[in-house]
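Atoms within a ligand are numbered from 1 in the order they appear, just like the ligands themselves. Computed from a predicted model, the values in this text were never measured in an experiment.
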Amino acid sequence: MRTRLLGAIALAAASALALAGCGSDDSGSGGGGKKITIGIKFDQPGLGFKVGDKYSGFDVDVATYIAKKLGYSADQITWKESPSAQRETLLSTHQVDMVVATYSITDERKKTVAFAGPYFVAGQDLLVKNDNTDITGPESLDGKKLCSVTGSTSAQKIKDTYANKVNLVEYPGYAECVTALNGGAVDAVTTDDIILAGLAAQPANKGKVKVVGKPFTTENYGVGLPKDNKTCQKVTDAIKSMIDDGSWQKFLDTNLEGTGYKPDSSKNPPTPAACG
Ligand code: GLU
């Protein structure tokens with residue numbers, strides 16, 4: 001009886017260890033049933049988008065390419081929704097191994113997370129109703145109601161630069177902001193031009209909204225990593241080869257098709273910075 005009980009305890013301990021080993025190994029060598037958890041957006045069409053159990057978008061393709069270079073096949077990736085305000089926490093608590101989610105590299109964020117990249121350069125812009133004529137750029141926002149997302153550089157920019165003339169409403173995601181715009185609750189939505197272009201091209205929004213087309217910031221998209229990562233150099237090398245072998249262009253072309261969006265060619269493709 002005693003022996004059987006001890007045996008059972010030993011077995012339970014062994015399987016707990018096996019499980020822990022399986023989940024926590026993020027060394028990036030891949031194979032052997034290992035998994036990598038990647039944070040993306042679920043509600044940004046053309047970038048990070050979930051429909052049913054299908055994930056699509058430029059960030060999904062970039063992440064899948066990088067994961068492959070780290071030794072993980074597509075079916076070894078677990079996608080985790082990473083809203084703007086949660087990215088630093090998800091990384092620093094190791095709930096995700098990396099974040100590829102329209103995530104701008106900033107000095108503030110670098111205090112808690114590491115970045116590889118940039119792999120893309122976007123710019124903050126405005127989305128308005130199709131028939132709007134008075135909002136032509138950030139200088140024409142006096143007294144307007146603006147929607148952006150909590151924890152984003154977009155909301156921060158409005159607070160830092162236009163706070164005294166703009167009424168800012170914050171939601172967890174940009175799709176909710178577009179709903180507010182369509183319903184007349186706000187006058188404009190602000191975030192990166194590439195995100196707004198993807199939302200504007202959605203069948204439900206097409207013909208109803210338009211991107212103003214006057215970007216007023218530079219958003220360097222990076223791959224977010226935990227501070228104590230061991231993969232930054234490998235991720236940087238993967239970004240370089242993705243640009244060099246034509247994959248970067250292909251991912252952009254396929255995901256932006258039908259949006260009318262043109263990346264700023266004076267800034268794209270970017271040269272990834274050194275790690276560390
Ligand atoms: N790129 C900006 C940021 O990282 C805005 C887009 C987003 O919220 O994901 O905050």
Side-chain angles (χ1 to χ4, degrees), residues 38-50 55-63 79-92 96 98-127 138 146-162 168-181 186 188-200 211-212 214-225 239 252 255-256 259 261 263-264 267-268 270 272-273:
I38 305 180
I40 54 165
K41 296 296 182 74
F42 280 7
D43 58 354
Q44 294 181 187
L47 289 155
F49 199 45
K50 182 180 187 225
Y55 302 87
S56 66
F58 179 60
D59 280 342
V60 171
D61 289 345
V62 168
W79 302 108
K80 180 155 177 73
E81 185 170 26
S82 302
S84 298
Q86 292 176 30
R87 294 174 294 199
E88 287 85 26
T89 305
L90 288 167
L91 282 166
S92 53
V96 296
M98 65 166 95
V99 164
V100 188
T102 60
Y103 197 13
S104 296
I105 302 169
T106 69
D107 289 340
E108 187 60 31
R109 290 171 179 166
K110 275 189 190 169
K111 290 178 188 165
T112 47
V113 302
F115 286 101
Y119 64 90
F120 189 75
V121 184
Q124 184 170 354
D125 210 321
L126 295 160
L127 185 80
L146 208 55
C147 189
S148 197
V149 163
T150 310
S152 67
T153 56
S154 324
Q156 197 55 49
K157 173 77 181 173
I158 299 301
K159 289 178 198 167
D160 291 346
T161 321
Y162 306 100
L168 181 68
V169 181
E170 292 182 43
Y171 283 120
Y174 299 104
E176 290 149 293
C177 279
V178 178
T179 304
L181 177 67
V186 299
V189 179
T190 188
T191 188
D192 306 337
D193 45 11
I194 190 170
I195 300 173
L196 297 174
L199 287 163
V211 183
V212 167
K214 264 213 215 140
F216 51 96
T217 69
T218 298
E219 304 298 322
N220 290 296
Y221 286 2
V223 175
L225 298 164
I239 294 170
L252 271 181
N255 289 298
L256 295 176
T259 64
Y261 179 78
D264 182 341
K267 295 173 182 164
N268 286 290

| Can S84 and K41 be counted as having a side-chain donor-acceptor contact under 3.5 angstrom? | yes

| message | So, using side-chain hydrogen bond (donor to acceptor under 3.5 Å, both in side chains) as the criterion, who are the partners of T150 when residues are at least two apart? | response | E170

| field | K50 side, atom NZ; E81 side, atom CD - distance, nearest 0.5 Å | value | 8.0 Å

| Between the side chain of Q86 and the main-chain N/O of P83, is any donor-acceptor distance below 3.5 Å? | no

| Does T217 have any side-chain hydrogen bond (donor to acceptor under 3.5 Å, both in side chains) partners at least two apart in sequence or in another chain, and if so, which? | E219

Would you mind listing each N/O atom of ligand 1 next to any protein N/O under 3.5 Å, plus the distance?
{"residue": "ligand 1", "atom": "1 (N)", "partner": "T102", "partner atom": "O", "Å": "2.8"}
{"residue": "ligand 1", "atom": "1 (N)", "partner": "S104", "partner atom": "OG", "Å": "2.8"}
{"residue": "ligand 1", "atom": "1 (N)", "partner": "D192", "partner atom": "OD2", "Å": "2.7"}
{"residue": "ligand 1", "atom": "4 (O)", "partner": "R87", "partner atom": "NH2", "Å": "3.2"}
{"residue": "ligand 1", "atom": "4 (O)", "partner": "T102", "partner atom": "O", "Å": "3.1"}
{"residue": "ligand 1", "atom": "4 (O)", "partner": "S104", "partner atom": "N", "Å": "3.0"}
{"residue": "ligand 1", "atom": "4 (O)", "partner": "R109", "partner atom": "NH1", "Å": "2.9"}
{"residue": "ligand 1", "atom": "8 (O)", "partner": "S84", "partner atom": "OG", "Å": "2.6"}
{"residue": "ligand 1", "atom": "8 (O)", "partner": "Y174", "partner atom": "OH", "Å": "2.6"}
{"residue": "ligand 1", "atom": "9 (O)", "partner": "K41", "partner atom": "NZ", "Å": "2.7"}
{"residue": "ligand 1", "atom": "9 (O)", "partner": "S84", "partner atom": "OG", "Å": "3.4"}
{"residue": "ligand 1", "atom": "9 (O)", "partner": "R87", "partner atom": "NH1", "Å": "2.9"}
{"residue": "ligand 1", "atom": "9 (O)", "partner": "T102", "partner atom": "O", "Å": "3.2"}
{"residue": "ligand 1", "atom": "9 (O)", "partner": "T102", "partner atom": "OG1", "Å": "2.7"}
{"residue": "ligand 1", "atom": "10 (O)", "partner": "R87", "partner atom": "NH2", "Å": "3.2"}
{"residue": "ligand 1", "atom": "10 (O)", "partner": "R109", "partner atom": "NH2", "Å": "2.9"}
{"residue": "ligand 1", "atom": "10 (O)", "partner": "T153", "partner atom": "N", "Å": "2.8"}
{"residue": "ligand 1", "atom": "10 (O)", "partner": "T153", "partner atom": "OG1", "Å": "3.4"}

N/O donor to acceptor pairs below 3.5 angstrom from side-chain atoms of residues 115-126, sequence neighbours left out:
{"residue": "Y119", "atom": "OH", "partner": "D59", "partner atom": "OD1", "Å": "2.6"}
{"residue": "Q124", "atom": "NE2", "partner": "S154", "partner atom": "O", "Å": "3.1"}
{"residue": "Q124", "atom": "NE2", "partner": "T190", "partner atom": "OG1", "Å": "2.9"}
{"residue": "D125", "atom": "OD1", "partner": "G213", "partner atom": "N", "Å": "3.1"}
{"residue": "D125", "atom": "OD1", "partner": "K214", "partner atom": "N", "Å": "3.3"}
{"residue": "D125", "atom": "OD2", "partner": "G213", "partner atom": "N", "Å": "3.2"}
{"residue": "D125", "atom": "OD2", "partner": "K214", "partner atom": "N", "Å": "3.1"}

